Amino acid sequence: MVNGDSLGAGRYAPSPSGPLHLGNLRTAILAWLFARSSDRDFLLRIEDLDRVRAGAEQLQLKELADLGLTFDGPVIRQHERLDSYLKVVDQLRAQGLVYECFCSRKDILEAGSAPHAAPGAYPGTCRELTEKQRAEKALERPAALRLRSKVSSFTITDQLHGEYSGLVDDFVLLRNDGTPAYNLAVVVDDGQSGVDQVVRGDDLLTSSPRQAYLASLLDLPIPSYAHVPLALNTDGKRLAKRDGSVTLEDLSERGINPAQVRELLLESLGLPAESLDAALRAFDPAQLPREPWIVRPEEIVQQLMPNASHNG
Ligand code: GLU
């Protein structure tokens, strides 16, 4: 915990793959509101184990600062924490909870139709290999490491979704290039940095049972969760850079400043929009919209452009 007086910590954990778009920024504001309204610290973690674009971290830090979001403690970068992830893998291995997997994506897809496999679950192909079989397969490709899970589902409690039960399979802990997998890194980071509140897009709701189960195996506290609605484009797809003027930089080129964008985002959440503090005073998770936010960039630009005519 960063601040001894606070209750715990929330966090925002972007992947530095490019500029943040309106959907990412809205989730960041929500994570800040959830943390600050519950007297928690608010940490920033850069999830830079893969999908890194040069300069993106710096850009994202500036974008978050331009919105007025404040963080506690130093920025946490996953690539600086590799030792911590490997230590945890060793700890699990010592408990007999890790096995080597030689399957390619194609192998898994082909085996996916196995009669007893839950849809989307790793079918367990490598779970019971003999030492001899492992040695043979190791000549062909490097192994990934998987969790030897003892459950097939786990239930979490989410502030917006209530009780949610979802699949837990033998998910990957270390990829076969040695990179720690997302599910491992998130659990280790949250657990070791005192994060007890996870607020993020609801596309990750289905990952939370795996993560909570792993936390329980490691004797780490299971955080409280709030999976918030995503921003979508008019086709109902997750908002992306190609959808038009959707970043602070795009919008600034059209004469729209970050304060206006923040106002737009707060309005889209049904909150007072004049400042983050005003929004914080009024914030009530139970009142948040439960539907995705549909973004029409050109309408936003028309509405906010400095010379937009308001008389017609
Ligand atoms: N890095 C993930 C993302 O940008 C978020 C992971 C998390 O919040 O657990 O989608």
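These numbers come from the heavy atoms of this one structure, side chains and all, not from hydrogens, waters or symmetry mates. The model shown is predicted, which means the values in this text are computed figures rather than measured ones. Counting convention: from 1, in listed order, for ligands and their atoms alike.
- Distances below 4.0 Å separate heavy atoms of Y182 from the following atoms of ligand 1: 6 (C), 7 (C), 9 (O).
- For residues 251-272, the pairs satisfying salt bridge (Lys or Arg N to Asp or Glu O under 4.0 Å) are R254-E298, with sequence neighbours left out.
- Ligand 1 lies less than 4.0 angstrom from a heavy atom belonging to R11.
- Surrounding CZ of R53 are at most 12 heavy atoms belonging to other residues, nucleotides or ligands under 6.0 Å away.
- Close approach of ligand 1 to R200 is summarised as follows: ligand atoms under 4.0 Å from at least one heavy atom of the residue are 7 (C), 8 (O), 9 (O).
- The side chain to side chain donor-acceptor pair (under 3.5 Å) search around K62 returns D66, not counting sequence neighbours.
- Under 3.5 Å, the side chains of S268 and R26 contain a donor-acceptor pair of N or O atoms.
- In this model, a donor atom of one side chain and an acceptor atom of the other lie less than 3.5 Å apart for Y85 and D189.
- Of the polar atoms of S15, at least one N or O is found under 3.5 Å from an N or O of ligand 1, judged by distance alone.
- Using a 4.0 Å cut-off between charged nitrogen and carboxylate oxygen, E100 and K137 do not count as a salt-bridge pair.
- In terms of protein heavy-atom proximity, atom 10 (O) of ligand 1 is nearest to L204 CD1, 4.2 Å.
- Protein heavy atom at the shortest distance from atom 6 (C) of ligand 1 is E47 OE1, 3.2 Å.
- Note: an N/O pair closer than 3.5 Å links A13 and ligand 1 by distance alone.
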